[in-house]
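Please read the structure below before turning to the comments.
All values derive from a computational prediction rather than experimental measurement. Just so you know, ligand 1 is whichever comes first in the structure, and atom 1 is the first atom listed for that ligand. The figures that follow rest on heavy atoms only: side chains count, while hydrogens, waters and symmetry mates do not.
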Amino acid sequence: MDVNYVSTRNKNEKVTASQAVLQGLAHDGGLFVPTSLPKFDKSFEELSEMTYQEVAYEVMKLLLTDYTKEELMHCINSAYDEKFDTEEIAPLVYADGAYYLELFHGKTIAFKDMALSILPHLMITAARKNNVKNDIVILTATSGDTGKAAMAGFADVEGTKIIVFYPKNGVSEIQERQMVTQTGDNTFVVGIHGNFDEAQTGVKKMFNDEALAKELDQAGYQFSSANSINIGRLVPQIVYYVYAYTRLLKEEKISSGEKINVTVPTGNFGNILAAFYGKKMGLPIDKLICASNENKVLYDFFESGCYDKNREFKLTNSPSMDILISSNLERLIYEIAGEDDTKNKAFMDSLQSEGKYEITAEMKEKLKDFYGNFADEAETKAEIKRVYDDTGYVLDTHTAVASYVYNKYKKESGDDKVTVIASTASPFKFTRSVMEAIGMDDPSKKDIELTDVLSEVSKVDLPGAIVEIKSAPVRHDTQCEVDEMPQVVKRFLNI
Ligand SMILES: *Cc1c(COP(=O)(O)O)cnc(C)c1O
């Protein structure tokens with residue numbers, strides 16, 4: 001059965017999967033959603049005998065139906081190869097009463113690699129299939145991890161350029177260093193004088209700017225997005241939840257059909273939405289536990305039914321979750337509004353004009369699968385220390401937020417189902433915060449130098465990504481104001 005994609009704001013805008021991947025965002029500013037979510041057509045027992053790559057094919061073929069088997073296999077095998085430092089791609093590690101699904105074994109040691117190592121291949125394949133002659137310009141706003149992972153994926157991919165905007169003072173030293181040392185003649189990095197939401201809004205504006213699109217087209221370019229709104233990122237993220245379930249099954253940690261809970265440290269709502277889609281496709285997930293940091297707009301939403309971004313933006317030690325507009329939530333809103341594009345558009349218009357919207361009681365009723373909570377800065381640090389003291393396993397700050405919220409949920413509810421916690425970054429990516437948390441910080445050392453100490457403490461070898469940036473030269477130093485973003489893009493493209 002063919003699955004097509006429609007805009008959450010206008011169901012009449014309908015495209016194929018490959019067109020949705022190419023376009024990123026719908027023309028009306030809406031997000032593409034699949035017209036149906038097919039059920040898995042292999043049993044989880046069968047899937048448990050497969051490799052990560054084979055599971056990826058079985059999941060992705062259901063949603064990217066206009067890609068041929070050869071095309072999908074090529075994309076999958078080009079993405080999930082030796083770039084990952086383990087053949088398992090996404091290993092499950094048991095510690096402290098839960099299974100941590102380590103999604104940080106790719107090139108940039110954060111979970112964004114899971115999707116961004118395959119997106120460039122899906123996109124180039126899509127361009128070929130749709131006879132696109134223009135070069136693709138990827139515009140990306142990043143709170144730290146997406147930018148690097150996207151550049152690593154797109155660097156030197158023929159027919160593409162990638163421009164990344166990040167909040168100049170809103171990312172960790174190691175994140176910034178990873179970005180400004182990026183190689184590839186087609187990569188561009190800009191630190192903006194503003195926060196992540198301003199970067200994201202600036203990028204969205206450029207996508208919706210028709211005059212700019214025309215100028216680009218004349219010069220032989222067109223924009224696309226590598227942000228988590230692209231279904232080419234969402235679909236590959238469903239894979240690792242299926243994979244995790246099948247590994248639990250294979251290792252007899254669960255029995256056939258047994259439901260598990262999933263806990264996800266959440267920012268833009270992409271990762272947890274993938275788990276939700278997986279559940280709708282038949283993966284036995286009970287609760288979807290949504291963990292936020294002090295920017296707890298999602299927790300408040302699940303509590304009250306009111307999404308309200310009118311609040312102070314906080315910089316936390318889990319910067320990749322410092323987000324007040326969780327873009328992917330729009331797909332859930334559309335879903336619980338009964339796939340009503342008009343209703344969804346009204347909410348999003350209200351978000352645009354008032355900074356908030358309130359869903360109906362009937363819609364709120366449909367959110368029962370979700371549990372939301374948050375961890376503040378002190379709780380996050382205490383969680384890292386507690387898990388380290390008890391088990392020797394070192395969590396990064398984002399995963400610690402999830403771990404804290406999971407334990408809070410477990411205590412509150414008494415629900416002791418087997419639980420998978422999405423472990424979204426290596427602790428080495430946030431070395432300073434992690435070392436502070438376990439009481440081993442050394443302020444006289446730079447973050448990069450501290451990684452050696454962390455390696456000793458955690459008994460984990462330095463990841464390749466860290467070894468690399470220790471010696472890599474800085475290649476990017478552009479900064480700009482938020483309203484200068486379009487000019488900077490034109491300058492990079494010589495138009
Ligand atoms: C991006 C990111 C998140 C948030 O994921 P979303 O899909 O945006 O909700 C959490 N942790 C880390 C380390 C990230 O890079």
Side-chain angles (χ1 to χ4, degrees), residues 31 100-117 119 140-150 152 164 166-167 170-172 174-175 178-179 196-197 199-200 225-238 240-241 262-278 288-293 295-299 301 316-332 370 372 374-375 380 384 395-405 421-431 433-434 463 465:
L31 274 55
Y100 290 89
L101 176 60
E102 294 189 347
L103 302 173
F104 55 75
H105 288 272
K107 257 198 123 164
T108 75
I109 57 176
F111 102 97
K112 304 291 194 290
D113 290 327
M114 300 305 297
L116 282 166
S117 48
L119 181 71
T140 298
T142 183
S143 55
D145 291 336
T146 302
K148 175 64 188 184
V164 168
Y166 72 95
V171 301
S172 82
I174 289 176
Q175 285 179 314
Q178 278 191 307
M179 286 191 278
F196 169 70
D197 282 325
Q200 181 160 259
S225 158
N227 270 52
S228 62
I229 49 176
N230 194 311
I231 62 120
R233 277 186 60 184
L234 202 51
V235 173
Q237 291 183 173
I238 302 171
Y240 47 74
Y241 291 109
V262 166
T263 307
V264 186
T266 298
N268 228 351
F269 211 76
N271 200 2
I272 195 166
L273 187 77
F276 175 70
Y277 278 3
L288 297 148
I289 301 170
C290 175
S292 302
N293 66 22
N295 295 293
K296 58 182 182 59
V297 63
L298 286 166
Y299 164 68
F301 169 71
T316 73
N317 57 22
S318 46
S320 304
M321 294 156 65
D322 289 346
I323 286 172
L324 291 181
I325 305 176
S326 298
S327 302
N328 272 296
L329 186 68
E330 179 168 346
R331 290 187 163 109
L332 181 65
F370 288 88
F374 71 101
T380 305
I384 294 173
L395 305 177
D396 97 288
T397 46
H398 303 74
T399 309
V401 167
S403 182
Y404 178 84
V405 167
I421 297 177
S423 182
T424 51
S426 156
F428 288 96
K429 198 151 190 179
F430 301 94
T431 300
S433 302
V434 169

Taking every non-hydrogen atom, the tightest pair across A291 and M321:
O-CE, 3.5 Å

Tell me, with the steps shown, if Y277 and L234 meet side chain to side chain contact (heavy atoms under 4.5 Å, CB included).
CA-CA 9 Å; Y277 278 3; L234 202 51; 3.7 Å; yes

Does the side chain of L298 come within less than 4.5 Å of L329's, by heavy atoms?
yes

Check ligand 1 for N or O atoms under 3.5 Å from a protein N or O and list each pair with its distance.
| unit_1 | atom_1 | unit_2 | atom_2 | d |
| --- | --- | --- | --- | --- |
| ligand 1 | 7 (O) | G270 | N | 3.2 |
| ligand 1 | 7 (O) | N271 | N | 2.9 |
| ligand 1 | 8 (O) | N268 | N | 2.7 |
| ligand 1 | 9 (O) | G267 | N | 2.8 |
| ligand 1 | 9 (O) | N268 | N | 3.2 |
| ligand 1 | 9 (O) | F269 | N | 3.0 |
| ligand 1 | 11 (N) | T424 | OG1 | 2.8 |
| ligand 1 | 15 (O) | K112 | NZ | 2.6 |
| ligand 1 | 15 (O) | D145 | OD2 | 2.5 |

What do the steps show when you test Y240 against L101 for side chain to side chain contact (heavy atoms under 4.5 Å, CB included), and what is the final call?
CA-CA 8 Å; Y240 47 74; L101 176 60; 3.9 Å; yes

Do F276 and F370 have their ring centres less than 6.0 Å from each other?
yes

Residues that K429 engages under salt bridge (charged side-chain N to carboxylate O under 4.0 Å, His left out), provided they are two or more places apart:
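With sequence neighbours excluded, K429 shows a salt bridge (charged side-chain N to carboxylate O under 4.0 Å, His left out) to D145, given in chain and number order.
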
